[in-house]
Amino acid sequence: MKDPIEVEISSGNVYADIGLPDAEEMLVKAQLAQKIGELMQNRRLTQSAAAKLFGMTQPKVSALLRGQFRGISEAKMIECLNKLGRDVQIVIAESQQATGTLKVVFA
């Protein structure tokens, strides 16, 4: 009989699960990057065409789509979403906790 596989329940944020200090920011960037990729695919934009639209280099777009977005600010990612025809709203609400949270909601 094989040893049972140990399973750990996720917090919902893989970056927090592996102990990264900027886990919340990384999750937000991952969600924004996923949406950018989805919109590019829907519009059949190549990385080169998207790079021109975004004012970035093609290698930077490629890195973003592969989850290597540490050198790309959230503001730049929001700008990319705007250029893809999406409105972005930032809502600040009172928190029920001592420290507020950050999350992305797609409408």
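Treat the numbers as computed from the prediction; the structure is a model and nothing was measured. Computation of the quantities below employed the complete heavy-atom set of this structure, encompassing side-chain atoms and omitting hydrogens, waters and symmetry-equivalent molecules.
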Hey, mind stepping through Ser48 and Lys52 against side chain to side chain contact (heavy atoms under 4.5 Å, CB included) and telling me if it holds?
CA-CA 6 Å; Ser48 294; Lys52 287 179 186 172; 5.7 Å; no

Looking at every heavy atom in both Ala16 and Ser11, which two are closest together, and how far apart are they?
CB-OG, 4.1 Å

To the nearest 0.5 Å, how far apart are CE in Met77 and NZ in Lys35?
13.0 Å

So, does Asn13 use its side chain to make a donor-acceptor pair with the main chain of Leu27 at under 3.5 Å?
no

For Phe69 and Met26, run side chain to side chain contact (heavy atoms under 4.5 Å, CB included): C-alpha distance rounded to whole Å, both residues' side-chain angles, the deciding distance at 0.1 Å, then the answer.
CA-CA 8 Å; Phe69 35 73; Met26 294 299 291; 3.6 Å; yes

Hey, could you give me the CG/CD distance between Leu53 and Glu79, rounded to the nearest 0.5 Å?
9.5 Å

Ignoring hydrogens and geometry, is there a side-chain-to-backbone donor-acceptor pair from Lys29 to Ile72 under 3.5 Å?
yes

Can you see which heavy atom on Cys80 is nearest to which on Met56, and at what distance?
SG-SD, 3.9 Å

Nearest heavy-atom contact between Met40 and Ala50 is CE-CB, 3.5 Å

Hydrophobic cluster identity match, Phe106 and Ile78, side-chain contacts under 4.5 Å
yes

What heavy-atom pair brings Ser10 and Asp17 nearest, and what distance separates the two atoms?
OG-OD2, 2.7 Å

Enter the distance from Leu65:CG to Gln47:CD here, rounded to the nearest 0.5 Å.
5.5 Å

Crowding at NZ, Lys83 (>12 non-hydrogen neighbours, <6.0 Å):
yes

Above 12 or not: heavy atoms from other molecules or residues under 6.0 Å from CZ of Arg66?
yes

Could you measure the distance from the CG atom of Leu84 to the CG atom of Leu45? Nearest 0.5 Å is fine.
6.5 Å

For atom CG of Asp87, decide whether the heavy atoms of other residues, nucleotides or ligands shown that lie under 6.0 angstrom number more than 12.
no

Please assess Ile36 against Phe54 for the test side chain to side chain contact (heavy atoms under 4.5 Å, CB included), listing each intermediate value before the final yes or no.
CA-CA 11 Å; Ile36 290 166; Phe54 300 157; 4.0 Å; yes

